[in-house]
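Chain letters run A, B, ... following the sequence lines, proteins first, then strands; residues in each count from 1.
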Amino acid sequence: MSRYDPASIEPKWQAAWEEALTFKATREGDKPKYYVLEMFPYPSGRIHIGHVRNYTMGDVIARYKKQNGFNVLHPMGFDAFGMPAENAAMASGGHPKDWTYGNIDTMVGQMKPLGFGLDWSRMFATCDPEYYGQQQALFLDFLEKGLVYRKNAMVNWDPVDMTVLANEQVIDGCGWRSGAPVERKELTQWFFKISDKSGELLDALDTLDNWPAKVKTMQANWIGRSRGLQFAFSTIDAPEGFDRIEVYTTRPDTLMGASFVGISPDHPLAKQLEKDNADLAAFTAECRKMATTEEAMEKAEKKGFDTGLRVRHPFDTAWELPVYVANFILMDYGTGAIFGCPAHDQRDLDFARKYDLPVVSTFAPAMGEEGTFILPEDGGPAYVPPKQETVRWLKPFNWDEAATGEAAIEAAIDFCEKNGVGQGVTKFRLRDWGLSRQRYWGCPIPVVHCDTCGVVPEKKENLPIQLPYDEAGKPIDFSIPGNPLDRHPNWRDCECPSCGKPAKRETDTMDTFVDSSWYFARFTAPRATTPTDLSEAEYWMNVDQYIGGIEHAILHLLYSRFFARGMIETGHLPESAKEPFNALFTQGMVTHAIYRRSYLKRIDDIDGAPAHLTTYRYYYPEEIAVREGKAYLVNDDVETQLKAGDEVEVVPSAKMSKSKNNVVDPMAIISTYGADTARWFVLSDSPPERDVEWTASGAEAANKHLGRVYRIAAEIAAGDAPSTKEDEALLKETHKTIHDVTMGVESFGFNAAIAKLYGFTNTLSKSRAGKEAKTFAAKTLAQLMSPMTPHLSEEIWQLLGGEGLIADAPWPKADEAMLVEDSVTLPIQVNGKRRGEIEVPKDMPKEEVEKLVLAHDAVVKALDGGTPKKLIVVPGRIVNVVV
RNA sequence: GCCCGCGUGGUGGAAUGGUAGACACAGGGGACUUAAAAUCCCCAGCCUUCGGGCGUACCGGUUCGAGUCCGGUCGCGGGUACCA
């Protein structure tokens, strides 16, 4: 009998699918459509085991839906613009384009042997001029509709390299290459008006029933709708034009506890005052030397500078408050100015204590709940109860002494509006999406700067505006910092599309999030000469199941939702595609143990004298033998002087990282065990939304199991046992497995489905049923496994005389009548602890169950002649006796 | 800092508020074999005076009943608007 040999069967079936065009997406007959999409990869160089897991999940869904009678669209492409290509060019020469396309070739070559049911004819990369040219067309349409505009915004500026840095290129406030402290620099940049749709993007989250709640919560918090009061403090002896400072507050109810006004270092008033105040100018300059990230802002020590300027409290003109410039106030949010109420905000309280400002409580815990409460003015922490909690008001203006924060806020807004102090307003935290990047390897922004006409959109017939490959006849030099488009000898020079005079191209390129905000729509008609083909988009959109990492919960998914709306407004998508992803699933990572040993590394110090440094030596999995959870070296290690057999430290479940030598290469796994083993393992060991740890023993076990399934099937095919009285039991078990596995696949419970398949394989292996029943069971097993292990399943299907390709065979249906059990085992609890069980007919009335329970030994013993306090019978589930 | 998750045997994990540990790995025992590999079968949370007791990161609460719900703490992970 032949053995399971993935190396021969996998290429065979891949060829068969390709020949039969099995996975080509077609609009065939009147079948319903199903669009399944995994977030497309960045072409980093090689595929990663995490990719294998992600695409296997999508493939399971795609194959399952196809077998359930859907026209399936399951495409693949590459998110191919971005910084790593430029970094590679900087580090080792070469051109981002060559690097990127080379990587794509490699990765496609690695993905094909995995047997994914993908329609490769639709593949594209976002750096293809055919793709980004259509993106430029979209940009022009967005511009025409007023969805794009220009304004000034801050970037991280490296003053030594004279270049703009990405946030990840800023390390501890310094440029990653130059080491120079970064500065903030203001540039005119392009923005998408996503904030116009804040309310809509927030409200529509409620319609996304098949999105994880956590993702919706994250987006809702990110958009951040708040209701508050906008009003102005009038200033005393302020510079011309600054007689008022507009502030926005979500806690107008605490206005009587205000003790200072804070403005952003980028506030126009700060910029005015620093002109005549060198100390203030030094302070704001210091503030502007911070990275632009929210994290850096929030984690920095909260500092302020007293401008000396005073404002009047809106309720009492005799009450004056100082105006501070404070480093934690963002110019982008609200009005860039706040009032501080130290009693009810910990940050304001820290600030007040630092600068010796008054602390005045406006409310305290409700009567009877004071407990050990200490007022903030008496040294306690800031008192910040939930807004829904009723508190005792010390300084209400028009509400009861006992009221919730919520009620007080509304009352305060109402009071302020009636007294002409301000306006109730709704604001959002969401800022407009800055899309300009001062980089080469991105989609050029198709506009022209003309001395006469200003900013002019490029003509559509001139698209795509292609990136230049050469520079003065030579490949572009990436060793020089800065944007090569900016210094290119002639790429910038062009004709004004409006007046025809010499003009200059925009040299900013687009954020790569733009590329990934509409690729899903492009897949519906990837070769169309317009961004989309409406008929195709109408048929295939929306994405029925989208699968990707939780790291994209906010930006990518929010931007895509915005883009879908923009594309509807510009006629590129039907109205029904407003929410482009019907269902979302966020999968976990694949992790792997790190094997390491700390040792003293000998180094030469500055004087050339030998010195030692404690460091780690990381070992590759191939260098390690694992026994009973402990790791030992296979060979001697010269560097650390360790010998073969010496133990090394194991750090389990670590994120795979090249520098920690704990990456596993999918290609090595395929050559050792085959693609089906890799696919089976990444699904079997962990729930899909959680991380999975890759272990060599787990992969080997998966491989053994597949070999076992093959062997069982081959034995059945070779046998000729007549039917027996066990046929019925096996048939029943087969239908139960169909039911359980179907439920598992439908609910993304792949690991649970696989556990059922293990159980069923054991049952089948032990069954003494006849050939007919066993053949049906084995064919069903092959079908149920086929979305996960498609090659093995095809092989078994063929072996057992299945018709055509298993990939085309209809998914098995469980016979409901076979699933009914006539009796159930009821566990008996006494005071919530399990003390025994009884076997009863499924529909036995409660009263009879109670009788049986009271007669049960354990219950009689526990009652000790008394009567139960309570007897709870949950039909078909459990019985609990309270004594 | 802020927002969102996660935490169960030696390991990965299972469990609509209802028998905690399914299924698997590693481990132990056995069968087959001259032997090994491969394969097949069985055992197994921890402690125990063998009555039972303890157990789902930690502390507390709700409930007849909590891994699951609520409050707090600790640890880890993701995001934090120019990494993708």
Open item on the list: Between A:T292 (side chain only) and A:V155 (backbone N and O only), is there a donor and an acceptor less than 3.5 Å apart?
Closed with: no
TODO: Taking salt bridge (Lys or Arg N to Asp or Glu O under 4.0 Å) as the test, write out the residues that go with A:D740, two or more places apart.
DONE: A:K736, A:K756
Between protein and nucleic acid, restricted to nucleotides 36-39 of chain B and to nitrogen or oxygen atoms under 3.5 Å apart, what atom pairs and distances do you find?
| unit_1 | atom_1 | unit_2 | atom_2 | d |
| --- | --- | --- | --- | --- |
| B:U39 | O3' | A:R711 | NH2 | 3.2 |

Open item on the list: Salt bridge or not between A:D511 and A:R437? Use side-chain N to carboxylate O under 4.0 Å.
Closed with: yes
Open item on the list: Which helical stems does RNA chain B take part in, if a stem means at least 3 consecutive Watson-Crick or G-U pairs with both distances below 3.5 Å?
Closed with: B:1-7 with B:74-80, B:10-12 with B:23-25, B:27-31 with B:39-43, B:45-47 with B:52-54, B:57-61 with B:69-73
TODO: Considering only NZ, NE, NH1 and NH2 on the basic side and carboxylate oxygens on the acidic side, decide whether A:D158 and A:R177 come within less than 4.0 Å.
DONE: no
TODO: Would you please say whether a donor-acceptor pair under 3.5 Å links the side chains of A:E839 and A:T825?
DONE: yes
TODO: Mind calculating the distance between CG (A:L584) and C1' (B:G78) to the nearest angstrom?
DONE: 14 Å
Open item on the list: Quick check for you: among B:G53, B:C41, B:U19, whose closest atom lies nearest to any side-chain atom of A:P827?
Closed with: B:U19
Just the table, please: protein N/O against nucleotides 59-63 of chain B N/O, every pair under 3.5 Å.
none

Open item on the list: Rounding to an integer number of angstrom, what distance separates B:C25 and B:C40 when you compare their P atoms?
Closed with: 11 Å
Open item on the list: Would you measure the distance from the C1' atom in B:U49 across to the matching atom in B:U56 and give it in whole Å?
Closed with: 28 Å
Open item on the list: Taking syn as a glycosidic torsion within 90° of 0 and anything else as anti, which one is B:G52?
Closed with: anti
Task: Test salt bridge (Lys or Arg N to Asp or Glu O under 4.0 Å) applied to A:R834 - qualifying residues, sequence neighbours left out - done: A:E837
Open item on the list: Tell me the interatomic distance from A:I329, atom CD1, to B:G1, atom C1', rounded to whole angstroms.
Closed with: 16 Å
TODO: Go along nucleotides 79-84 of chain B 5' to 3' and tag each nucleotide: B for a protein heavy atom under 4.0 Å from its base, S when only backbone or sugar atoms are that close, - otherwise.
DONE: SBBBSB
Open item on the list: Once you apply a heavy-atom cut-off of 4.0 Å, does A:N831 come out as touching a base, just sugar-phosphate, or nothing?
Closed with: nothing
Task: Heavy-atom pair with the smallest gap, counting every atom of A:R184 and A:C287 - done: NH2-O, 3.3 Å
TODO: Can you tell me the distance, in whole Å, between the CG atom of A:L683 and the P atom of B:C23?
DONE: 20 Å
Task: Rounded distance (Å) that lies between atom P of B:C25 and atom CD1 of A:I754 - done: 13 Å
TODO: Take atom CD1 of A:I223 and atom P of B:C4, then tell me their distance rounded to the nearest Å.
DONE: 14 Å
Open item on the list: Between B:C4 and B:G53, how many Å separate the two C1' atoms, rounded to a whole number?
Closed with: 40 Å
TODO: Run the salt-bridge test on A:R429 and A:E294 with the 4.0 Å N-O cut-off and return the result as yes or no.
DONE: yes
TODO: Could you tell me which residues satisfy salt bridge (Lys or Arg N to Asp or Glu O under 4.0 Å) with A:K303, sequence neighbours excluded, listed by chain and number?
DONE: none
- [ ] Count the heavy atoms belonging to other residues, nucleotides or ligands that lie under 6.0 Å from CG of A:D172, then report whether that count exceeds 12.
- [x] no
- [ ] Would you indicate whether the side-chain heavy atoms of A:V164 and A:N156 approach each other to under 4.5 Å?
- [x] no
- [ ] Please state the C1' separation for the pair B:A35 and B:A44 - nearest whole angstrom.
- [x] 29 Å
Task: All ring-ring contact (aromatic ring centres under 6.0 Å, His included) counterparts of A:F748, not counting sequence neighbours - done: A:F585, A:F750
TODO: Not counting sequence neighbours, list each pair that qualifies as a side-chain hydrogen bond (donor to acceptor under 3.5 Å, both in side chains) and has a residue in residues 698-709 of chain A.
DONE: A:T677-A:N703, A:R708-A:N762, A:R708-A:S765
- [ ] Whole angstrom is fine here: how far is it from CG in A:L330 over to C1' in B:C2?
- [x] 12 Å
Task: Anti/syn call for B:G5, syn if |chi| within 90° - done: anti
Task: Check: A:N152/A:T188 side-chain N/O donor and acceptor closer than 3.5 Å - done: yes
Open item on the list: Without decimals, in angstroms, what is the distance between A:M290 CE and B:G1 C1'?
Closed with: 13 Å
TODO: Applying salt bridge (Lys or Arg N to Asp or Glu O under 4.0 Å), name anything that partners A:K216, two or more places apart in sequence or on another chain.
DONE: none
- [ ] Could you measure between the two P atoms, the one in B:U73 and the one in B:G78, and give it in whole Å?
- [x] 22 Å
- [ ] Would you please name every residue forming a ring-ring contact (aromatic ring centres under 6.0 Å, His included) with A:F428, sequence neighbours left out?
- [x] none
TODO: Indicate, with a heavy-atom threshold strictly under 4.0 Å, whether A:A701 touches base, sugar-phosphate, or nothing.
DONE: sugar-phosphate
TODO: Check whether any side-chain nitrogen or oxygen of A:N751 sits under 4.0 Å from OP1 or OP2 of B:C23, and answer yes or no.
DONE: no
Open item on the list: Tell me whether A:K354 at atom NZ has more than 12 heavy atoms from other residues, nucleotides or ligands lying less than 6.0 Å away.
Closed with: yes
TODO: For A:K302, answer base if it contacts any base atom (sugar-phosphate contacts may also be present), sugar-phosphate if it contacts only those atoms, and nothing otherwise; contact means non-hydrogen atoms under 4.0 Å.
DONE: nothing
TODO: Mind listing the residues from residues 871-881 of chain A sitting with a heavy atom below 4.0 Å of RNA chain B? Number order is fine.
DONE: A:I872, A:V874, A:R877, A:I878, A:N880
TODO: Write down the atom of A:D515, the atom of A:C443, and the distance for their closest heavy-atom approach.
DONE: OD1-CB, 4.3 Å
Task: Pairwise C1' distance, B:G45 and B:G10 [rounded to whole Å] - done: 10 Å
